[in-house]
Each structure stands twice: as structure tokens, then as C-alpha cells.
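Read through the structure below, which is laid out as C-alpha cells, and then see the notes.
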Amino acid sequence: MTRRVPRAFYDADARDVAPRLLNKVLVAGPVAARIVEVEAYAGAEDPGSHSYRGPTARNATMFGRPGLLYVYFTYGMHFCANAVCGPGDTPTAVLLRGLTPLRGLEIMRARRPKARRDAELCAGPGRIGQAFGLTRDHDGADLVRADRGVTIVDDGTPAPDEPGVTTRVGLREGAGDALLWRFTVPGAVGLSRPT
DNA sequence: ACCGGGATGTTCT
DNA sequence: GAACATCCCGGTG
């Protein structure tokens, strides 16, 4: 059983959507993997968010409708993927940080020859971009319509009742101990770090 | 296992 | 000109 995830699912604050996105499945053509680690990014009140200082050419997709895929380029070599949330036109988003590979493992291995183990294929936001072949061409794709072959589906696995909750990773601004906006499936394969 | 630094180029100040 | 929602490699213990 595989259900489409409707737009209404994304039409709420990323901090509410993020834990509910756990155990859903990211699909890009023949490649699929289970979402086991995410981070929420809010808008004007979140100094760690790309949308904090208002719209720019790069973050335009975050200001679009909930359910879009926001792909950004960072550190001169990595593409990272987010699900745009809301509510409404509020520019929040959920960063995908860790996935458990499910289908298309051979393709992922070919795209990520440096990965030593399958658990490393999608363990980290930049690695997800590599394994799924994401580039700026995917920025703005509509996940709800499987635009450009990219979508998120529900295969019947519920989100955990008690997800792991920690601070966000890799930030200067917005890294405060009070901002517990990283969510994980405890013990899952494909986490970017153990906890 | 843990840590430090280099890669690489876009984006914003 | 600095920062960057990162990754990989080579050092040391």
C-alpha cells in the first residue's frame, strides 16, 4: 500500500510537519529511500533559516506553496533537499538529512562510489543530493504532483510515537540549545550521526 | 575513534 | 571578501 501525500500535509509549520515526515518515502524515478532524519527551518523568527532575511533568488522556492521541493547548493559542491511547508505562504521548510535506502541501490552506489557501506549512501544532506541525483534543475519541483519524477509517498509505516529530538547540525546562527528542531527515527539505518 | 583541514563555487555583505 | 543547513581524507592515539 502506497499513498500519495496530499498538499494539506505540508500546509503547516515545518516544526510540526518535520516529525510527521519520518518514515515516509522519498522517490526520484527508480530510486527510493525512507526518511529517518530531518530538521525544521522556520521563517522570520529563525536566524538559521535561509528565509530569515527575506526572499532572494536562491530561496525563492521557500516562499512558494507548501509541497514544493527546495534544493539549494552549498559549500561549492553539495545539493541539499527540503520539503517546503507553511502554513500558507509562510516560508518554512524541512531539510532531509538522513534516509534508509530502499530501491535503486545499484544506481545510488554508482552515483556515490566513495560510500563504503550502503548505510552511508544517504546518511547526510549532501549525500542524499548525490544518491538521488538532485541538482538545481529539481528546485521548485512539486512533490505532490511528482513533478520531475520526485515525490514523497506514504507506504503505511507510521511516524515514530517518540522520535529522537536534538539541536540542529552544522549551523552558526540558530544553533541554540533551545531549538530542538532535528528529528530522527531512533536507531534507524542512514542517520548522519548515531543519535 | 577522533580530530583538523582542504575542496569548491555560489550567495550575500 | 566572508560565510556556507557538507563531505572526505589523512593524521594521530
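Atoms considered below: every heavy atom in the structure, side chains included; atoms not considered: hydrogens, waters and symmetry mates. Chain letters run A, B, ... following the sequence lines, proteins first and then strands; every chain starts at 1.
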Between dA5(C) and dC3(B) - P atom distance, rounded Å: 23 Å
Separation of atom CE in Met77(A) from atom C1' in dC9(C), rounded to whole Å: 13 Å
Below 4.0 Å: OP1/OP2 of dC8(C) and any side-chain N or O of Arg127(A): yes
Side chain of Gln130(A) - closest among dA7(B), dA5(C), dC7(C): dC7(C)
Base paired to dA5(C) (Watson-Crick or G-U; both N/O distances under 3.5 angstrom): none
Any N/O donor-acceptor pair, Tyr72(A) side-chain to dA5(C) base, under 3.5 Å: yes
Thr74(A) side-chain N/O to dT6(C) phosphate OP1/OP2 under 4.0 Å: no
Side chains of Thr92(A) and Thr90(A), donor plus acceptor under 3.5 Å: no
Sugar-phosphate, base or nothing in reach of Arg182(A), heavy atoms under 4.0 Å: nothing
Phosphate OP1/OP2 of dT6(C): any Arg97(A) side-chain N/O under 4.0 Å: yes
Sugar-phosphate only, base, or nothing, as touched by Gly48(A) at under 4.0 Å among non-hydrogen atoms: base
Protein-nucleotide distance (Arg193(A), atom CZ; dT6(C), atom P), rounded to Å: 8 Å
Side chains of Ser192(A) and Glu37(A), donor plus acceptor under 3.5 Å: yes
Point-to-point distance, once rounded to the nearest 0.5 Å, from CD of Glu39(A) to CG of Leu95(A): 5.5 Å
Short side-chain N/O contact from Arg53(A) to OP1 or OP2 of dA3(C), under 4.0 Å: no
dG9(B) base stacked by Phe73(A) (centroids within less than 5.5 Å, tilt under 30°): no
Verdict with supporting geometry, Arg34(A) and Thr157(A), side-chain hydrogen bond (donor to acceptor under 3.5 Å, both in side chains): CA-CA 10 Å; Arg34(A) 187 176 308 284; Thr157(A) 307; 3.3 Å; yes
His78(A) or Arg136(A), whichever maps to the more 5' nucleotide of DNA chain B: His78(A)
DNA chain C: 5'-proximal contact among Lys114(A) and His50(A) (nearest heavy atom): His50(A)
